K.L.:
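Structure provided below as structure tokens; questions to follow.
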Amino acid sequence: MNQSTKWLYFWVVFVLATFQFGLVFSFGALFPSIRDTFLTDRPTTATVQALLMGITTSFGVVSGVIINKFGLPVALLVSSICMSSGFAVSFIVTDIWYLYATIGVLGGIGTSLFYVSFLTVINRTFKGKQRAWCIAIQGPCPSIAGLFYPYLLDELVSTYGVRGTFLVIGGVFCNSFVFSLMVWFRRSDFTLQPEDKLAEQEKHYYNTMSNNPKKEQMCASVGSLFKGVMTKRYICLLVAATVSVGTADAFLDFVFDISHWKGFDNSEANMVFVFFNICGIIFCIVPGLIQQVLDIDTYLLPFGLALFACSGCLIVMFADTYVMYAIGLSCMSAVFGLVACAFIICANLVRLEHVNVAIGLIMTLGGLLSIGMGPIYGVIRDNTGSYNSVFPIFATAQGIAAVLLIEDFISRKLKKQPMKDVNNVDNISEETKIIHV
């Protein structure tokens, strides 16, 4: 596949991912309308988006296995059917409990399959720094969607109502059928090829976690796909990303309700969400840019982003003006950059055929956590009358992520110190020299 064709496929799927995957993170804009339409409390209403977001991410590891087993065209076709039918059927739903199945389950499974397919397209068509840059570019999809979805959804609801909005969304998602056909006719271009020596050296460079990496390998209990994935460094990243992303995803369910709780009207809530997503775009792109020009440890970036998100949460908690609230919420969007960093690290830590599983596992655990945290946030709000208890939970999660990431960085630096003169040893293997560059 030549370069122009690669980028054509990338930008086509990027646009589709912005509309489909991005809706998951902007679905909170419908929170007040759904609550008023179905006459439910906050925990019950929040469960709709919690399931949509949670299943989208928690199904990630299964999506990776499906893609490896049946191929990209089949995965994209199934995702198209699930997404379009899930939202379209919601048009006739009269009870919010049915939305759990149509939007939460069907929509979540379809969105997960599509997004992991998007990442698979990147990992199988691009290499090296170009791959890291493409992963960074795809990161802002939810943030870009957040720039227009609140206004679009508000207009659709005022014109067609909540149920009519679901039908329109289902129709828009039918566009992904076309992309599944594009991939089907060029499926040989996306067939997994053996990695060359340069790619293997790149894996060794990023997998610098000990003097004997083989001893760090842990075989997961679920199939051979997990072999070579569960290293200590990956487990550290997995736990950090899970607690950070899981609590953040659940927080997005209530962004608009928190804005109303702070005393801001709909227009101010929509505008602050725009600020939030603009900063999210920047936080996603910066790691990719840094990877192009600087040779620094990839774990230092998500460590800094986790601290940034934690600081933003504290600002939002104590903000008493619109400006401070907007600044704090914008800082919290650093979580999007942390996700982009996690995906870049996964692409370099594990073998190409295991990338789907490694990324999918992060999405899965983060999604499972967000499914539970969404209703918990709603219960806290209804029982206490405020969101003050939610902010410490979010800040603590980001702090835990930061500690795990910096602990991994320090421990690896200490382990590498005895080998600092490794290039002066004549009989050391060339592979070991690569590891300690």
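For clarity, every value in this text was computed on a predicted model and none was experimentally measured.
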K.L.:
With a 3.5 Å cut-off and sequence neighbours excluded, list the donor-acceptor pairs that the side chains of residues 32-40 form with protein atoms.
P.N.:
from, atom 1, to, atom 2, distance (Å)
Thr37, OG1, Ser33, O, 2.7
Thr40, OG1, Thr45, OG1, 2.6

K.L.:
To the nearest 0.5 Å, how far apart are SG in Cys82 and CG in Leu77?
P.N.:
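The distance works out to 9.5 Å.
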K.L.:
Can you confirm whether Ile281 sits close enough to Ile144 that some side-chain heavy atom of one is under 4.5 Å from a side-chain heavy atom of the other?
P.N.:
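Yes, side chains in contact.
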K.L.:
Using a 3.5 Å distance criterion without hydrogens, assess whether the side chain of Asp41 forms a donor-acceptor pair with backbone atoms of Thr44.
P.N.:
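Looks like yes, one N/O pair under 3.5 Å.
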K.L.:
Is it the case that the side chain of Ser112 and the backbone of Gly108 share a donor-acceptor pair, with hydrogens and angles ignored and the cut-off at 3.5 Å?
P.N.:
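No; zero donor-acceptor contacts below 3.5 Å.
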K.L.:
For Tyr115 and Leu16: C-alpha separation, side-chain torsions, deciding distance, then whether side-chain contact (heavy atoms from CB on, under 4.5 Å) applies.
P.N.:
CA-CA 10 Å; Tyr115 188 65; Leu16 291 174; over 6 Å; no
K.L.:
Does the side-chain contact (heavy atoms from CB on, under 4.5 Å) test come out yes or no for Thr396 and Phe391, once each step is laid out?
P.N.:
CA-CA 9 Å; Thr396 301; Phe391 300 114; over 6 Å; no
K.L.:
Which atom names give the shortest non-hydrogen contact between Leu238 and Thr242, and what distance separates them?
P.N.:
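Here Leu238 and Thr242 meet closest at O-OG1, 2.6 Å.
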K.L.:
If you measure from OG1 on Thr18 to OH on Tyr149, what distance do you get to the nearest 0.5 Å?
P.N.:
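Result: 9.0 Å between the selected atoms.
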K.L.:
Please report the interatomic distance CG(Leu99) to CG(Leu51), rounded to the nearest 0.5 Å.
P.N.:
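The CG atom of Leu51 is 10.5 Å from CG of Leu99, to the nearest 0.5 Å.
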K.L.:
Could you report the tightest heavy-atom contact between Asp265 and Ser267, atom names first, then the distance?
P.N.:
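Shortest heavy-atom separation between Asp265 and Ser267 comes out as OD1-OG, 2.8 Å.
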K.L.:
Is there side-chain contact between Val255 and Phe31, with heavy atoms separated by less than 4.5 Å?
P.N.:
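Result no, sub-4.5 Å side-chain heavy-atom pair not found.
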K.L.:
Given Ser90, which of Ile169, Thr102, Val162, Thr165 fulfils the side-chain contact (heavy atoms from CB on, under 4.5 Å) condition?
P.N.:
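Exactly one candidate clears the test, Thr102.
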K.L.:
Which donor-acceptor pairs under 3.5 Å do side chains of residues 306-325 form with protein atoms, sequence neighbours excluded?
P.N.:
from, atom 1, to, atom 2, distance (Å)
Ser311, OG, Leu307, O, 3.0
Thr321, OG1, Met324, N, 3.3
Tyr322, OH, Glu268, O, 2.8
Tyr322, OH, Val272, N, 3.4
Tyr325, OH, Ser259, OG, 2.8

K.L.:
Tyr151 and Phe148: ring-ring contact (aromatic ring centres under 6.0 Å, His included), yes or no, with the steps?
P.N.:
CA-CA 6 Å; Tyr151 300 98; Phe148 63 85; 9.7 Å; no
K.L.:
For residues Phe173 and Ser80, determine if any side-chain heavy atom of one lies less than 4.5 Å from a side-chain heavy atom of the other.
P.N.:
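Side chain of Phe173 against side chain of Ser80, heavy atoms only: no contact under 4.5 Å found.
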K.L.:
For the residue pair Gln398 / Ser244, report whether a side-chain donor-acceptor contact shorter than 3.5 Å exists.
P.N.:
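A pair is found: one side chain offers a donor N or O, the other an acceptor, under 3.5 Å apart.
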K.L.:
Could you label the plane-to-plane angle of the Phe394 and Phe251 rings as parallel, tilted or perpendicular, counting under 30° as parallel and over 60° as perpendicular?
P.N.:
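Tilted: the ring planes of Phe394 and Phe251 meet at 30° to 60°.
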K.L.:
For the atom pair CG (Leu106) and OG1 (Thr111), what is the distance rounded to the nearest 0.5 Å?
P.N.:
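So the gap between those two atoms works out to 10.0 Å.
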K.L.:
Let me see the working for Leu113 and Leu76 under side-chain contact (heavy atoms from CB on, under 4.5 Å), right down to the final yes or no.
P.N.:
CA-CA 7 Å; Leu113 276 169; Leu76 287 168; over 6 Å; no
K.L.:
Would you say the side chain of Ile55 lies within less than 4.5 Å of the side chain of Val105, judging by non-hydrogen atoms?
P.N.:
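Heavy-atom side-chain distance check passes, below 4.5 Å.
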K.L.:
Taking the side chain from Tyr387 and the backbone from Ile380, do they hold a donor-acceptor pair closer than 3.5 Å?
P.N.:
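No: the side chain of Tyr387 does not pair with the backbone of Ile380.
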K.L.:
Is any side-chain heavy atom of Leu23 less than 4.5 Å from a side-chain heavy atom of Leu153?
P.N.:
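A side-chain contact exists here, since the closest heavy-atom pair is under 4.5 Å.
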K.L.:
Take atom OH of Tyr100 as the centre, draw a 6.0 Å sphere, and report whether it contains more than 12 heavy atoms from other residues, nucleotides or ligands.
P.N.:
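Counting neighbours around OH of Tyr100, more than 12 heavy atoms of other residues, nucleotides or ligands fall under 6.0 Å, so yes.
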K.L.:
Is it the case that the side chain of Ser333 and the backbone of Ser330 share a donor-acceptor pair, with hydrogens and angles ignored and the cut-off at 3.5 Å?
P.N.:
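Answer holds: yes.
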K.L.:
Which heavy-atom pair separates Ala401 from Ala240 by the least distance, and what is that distance?
P.N.:
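So the minimum-distance heavy-atom pair works out to CB-O, 3.4 Å.
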K.L.:
For the OG atom of Ser79 and the CD atom of Gln20, what is their distance to the nearest 0.5 Å?
P.N.:
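Here the rounded value is 7.0 Å.
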K.L.:
Would you call Ile103 and Phe27 a side-chain contact if the rule is heavy atoms closer than 4.5 Å?
P.N.:
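Yes, side chains in contact.
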K.L.:
Quick one, Met83 and Phe114 - any side-chain contact, counting heavy atoms below 4.5 Å?
P.N.:
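Yes, side chains in contact.
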K.L.:
Roughly how far, to the nearest 0.5 Å, is CZ of Phe254 from CZ of Arg381?
P.N.:
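The CZ atom of Arg381 sits 10.0 Å away from the CZ atom of Phe254.
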K.L.:
How are the rings of Phe10 and Phe118 set to each other: parallel, tilted or perpendicular (split at 30° and 60°)?
P.N.:
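Taking Phe118 first and then Phe10, their aromatic rings sit tilted (interplane angle of 30° to 60°).
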K.L.:
Does some side-chain heavy atom of Val48 sit less than 4.5 Å from a side-chain heavy atom of Trp97?
P.N.:
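No; the side chains remain at least 4.5 Å from each other.
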